[in-house]
Amino acid sequence: MIDLHSHTLFSDGVLLPSELIYRAKAKGYSAIALTDHGDISTIDFIIPRIVKVSRVTGKYYGIKVIPGIELTYVPVKLIKSVVKKARRLGAKIVVIHGQSPVEPVPPGTNKAGILSGADIIAHPGYISADDVKLAKARNVLLEITSRNGHNKTNRHVAKLAKKYNASLVLNTDTHTPEDLLTEEKIKKILKMSGLKKSDFEIMQNTANKLISKIL
C-alpha cells in the first residue's frame, strides 16, 4: 500500500508522526505521505517539522516517508500562492482539501486546487465533469478515499475519472491507527467505489510514479 494522505497530532490526527510511520510499516505499507491539515496560520510551523521526521524516521524504519501538507479551507483566491509557499517550506506533496459531501468547503476549491499546481485533490465530492477534464489536463490526481463520509462520492469520482481518463489514487485520510488499510478493507472500498483489483493496481502505480518523481 502507498498512502499519500494522512494526519498526525500536528493537526487532527492522534499519533505522533514516528508512530504513524511505524504503524504503516507494520501494516505492510511501502510508502506514506504525512499531510497534516494546514492553512496560512500553521504551515510555517507544521511543514518543517514533518520534513524533519520524514528524513530521519523513514530511513530507520525502512519505509518511504514523504513530507506534505493538506491545505484546508484556504480562501479560493489564495490557494495558488499558499501552494507555492508550502513547496518553499519543503512540502513534497501538496494535497488540497476538496469539496467533500460532508463538509461546507468553499465553492470553487476543487478547480482552484487543480489550477494551483497541487498534486492531489482529496475527497473531491461531486466534482464536475469540467473539473475532472481539467485535472486530466493538469495531471492532478483525484482521490478515492476510505474515510467514512468523504467516501460517499467515491463512485461518482471514479465514474467521471474513468470517462475522461483522469488519474485516480487511493488514500486513507488516516487520523487514527484503525484507519490504516488492510487487504480486506481495500477490497471493501474498491467494491463501494465500483472499482476492481486492476484499478487498485493502476492507482498504486500512479502513486508510485509520483513518489519516484519526488524522491
Side-chain angles (χ1 to χ4, degrees), residues 1-7 13 15 20-21 23-35 63-66 68 70 93-103 105 110 113-114 118-129 131-136 138-214:
M1 178 63 190
I2 298 171
D3 191 349
L4 302 180
H5 182 182
S6 69
H7 300 281
L15 299 176
L20 175 56
I21 291 166
R23 283 179 176 271
K25 169 67 175 179
K27 285 281 188 180
Y29 282 39
S30 62
I32 188 167
L34 305 181
T35 57
I63 179 174
K64 293 177 182 177
V65 184
I66 304 93
E70 181 183 6
I93 287 184
V94 178
V95 178
I96 300 296
H97 185 292
Q99 292 172 237
S100 164
V102 293
E103 294 174 341
V105 180
N110 285 345
I114 294 166
D119 301 294
I120 300 169
I121 307 299
H123 38 71
Y126 293 104
I127 187 170
S128 69
D131 284 352
V132 172
K133 293 176 188 176
L134 188 61
K136 163 64 178 174
R138 295 292 183 117
N139 197 31
V140 175
L141 309 183
L142 302 177
E143 181 181 85
I144 298 297
T145 179
S146 61
R147 188 158 178 80
N148 288 337
H150 292 321
N151 61 17
K152 290 181 179 180
T153 53
N154 277 350
R155 189 173 288 266
H156 169 82
V157 175
K159 184 178 179 180
L160 282 185
K162 285 198 161 200
K163 182 176 181 179
Y164 298 111
N165 201 31
S167 295
L168 294 170
V169 64
L170 174 65
N171 292 326
T172 64
D173 196 356
T174 283
H175 287 68
T176 70
E178 294 75 23
D179 293 333
L180 293 169
L181 292 181
T182 61
E183 192 170 344
E184 188 60 32
K185 288 180 179 179
I186 291 170
K187 289 178 181 178
K188 288 181 179 179
I189 200 68
L190 290 174
K191 184 176 181 180
M192 76 171 293
S193 305
L195 296 170
K196 301 177 182 179
K197 182 180 178 181
S198 58
D199 295 308
F200 172 71
E201 291 169 351
I202 292 170
M203 288 188 285
Q204 290 288 279
N205 186 51
T206 298
N208 190 49
K209 285 181 179 178
L210 177 58
I211 291 174
S212 296
K213 179 182 177 182
I214 290 167

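- Side chain of Thr35 to backbone of Ser6: a donor-acceptor contact under 3.5 angstrom is found.
- When all heavy atoms are compared, the tightest approach of Tyr164 to Lys133 is CE2-CE, 3.3 Å.
- To the nearest 0.5 Å, atom CG of residue Asp119 and atom CD1 of residue Ile214 are 5.5 Å apart.
- No hydrogens or angles considered: nothing links the side chains of His123 and Glu103 as a donor-acceptor pair under 3.5 Å.
- When each of Asn171, Thr174, Leu170 is checked for a side chain to side chain contact (heavy atoms under 4.5 Å, CB included) with Leu181, only Leu170 meets the rule.
- For the atom pair Leu142 CG and Ile127 CD1, the distance stands at 5.0 Å (nearest 0.5 Å).
- The heavy-atom pair separating Ser193 from Ala158 by the smallest distance is O-CB, 3.7 Å.
- Thr172 and Asp179 are not linked by any side-chain donor-acceptor pair at a separation below 3.5 angstrom, with hydrogens and angles left out of the test.
- For Glu201, the CD atom sits in a packed shell: over 12 heavy atoms of surrounding residues, nucleotides or ligands are nearer than 6.0 Å.
- To the nearest 0.5 Å, atom CG of residue Asn205 and atom OG of residue Ser212 are 9.0 Å apart.
- Summarising the geometry, atom CZ belonging to Phe200 is positioned 12.5 Å from atom CD1 belonging to Ile144; distances are rounded to the nearest 0.5 Å.
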Apply side chain to side chain contact (heavy atoms under 4.5 Å, CB included) to residues Lys163 and Val132 and explain how you reach the verdict. CA-CA 9 Å; Lys163 182 176 181 179; Val132 172; over 6 Å; no

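- In Lys185, the NZ atom is crowded: over 12 heavy atoms of neighbouring residues, nucleotides or ligands sit closer than 6.0 Å.
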One pair to check against side chain to side chain contact (heavy atoms under 4.5 Å, CB included): Leu168 and Thr206. What are the steps and the verdict? CA-CA 8 Å; Leu168 294 170; Thr206 298; over 6 Å; no

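- A donor-acceptor pair under 3.5 Å links the side-chain atoms of Gln204 to the main chain of Ile2, judged by distance alone.
- For the pair His5 and Ala122, the tightest heavy-atom approach, listed with the atom from each and the gap, is CE1-CB, 3.6 Å.
- Between Ala207 and Leu4, the closest heavy-atom pair is CB-CD1, 3.8 Å.
- Nearest heavy atoms, Val105 versus Ser100: CG2-N, 4.1 Å.
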Where do Thr182 and Glu184 land on the side chain to side chain donor-acceptor pair (under 3.5 Å) test, with the steps shown first? CA-CA 5 Å; Thr182 61; Glu184 188 60 32; over 6 Å; no

Give the intermediate values and the outcome of side chain to side chain contact (heavy atoms under 4.5 Å, CB included) for residues Ile63 and Ile21. CA-CA 8 Å; Ile63 179 174; Ile21 291 166; 3.6 Å; yes

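- With hydrogens and angles ignored, the 3.5 Å screen pairs a side-chain donor or acceptor of Gln99 with a backbone N or O of Asn110.
- Here the side chain of Asn154 pairs a donor or acceptor atom with the backbone of Thr145 at under 3.5 angstrom.
- Under the 3.5 Å distance criterion, the side-chain polar atoms of Thr153 are left unmatched by any main-chain donor or acceptor of His156.
- Interatomic distance, Leu34 CG to Leu20 CG, rounded to the nearest 0.5 Å: 6.0 Å.
- Ring pair His175/His7 is tilted by interplanar angle, where 30° to 60° counts as tilted.
- The two residues Pro101 and Gly125 make their nearest non-hydrogen contact at CD-CA, 3.9 Å.
- Here the NE2-CG distance, from His150 to Asp173, works out to 5.0 Å after rounding to the nearest 0.5 Å.
- For the side chain to side chain contact (heavy atoms under 4.5 Å, CB included) criterion with Met192, the lone passing option out of Leu195, Ile189, Leu190 is Ile189.
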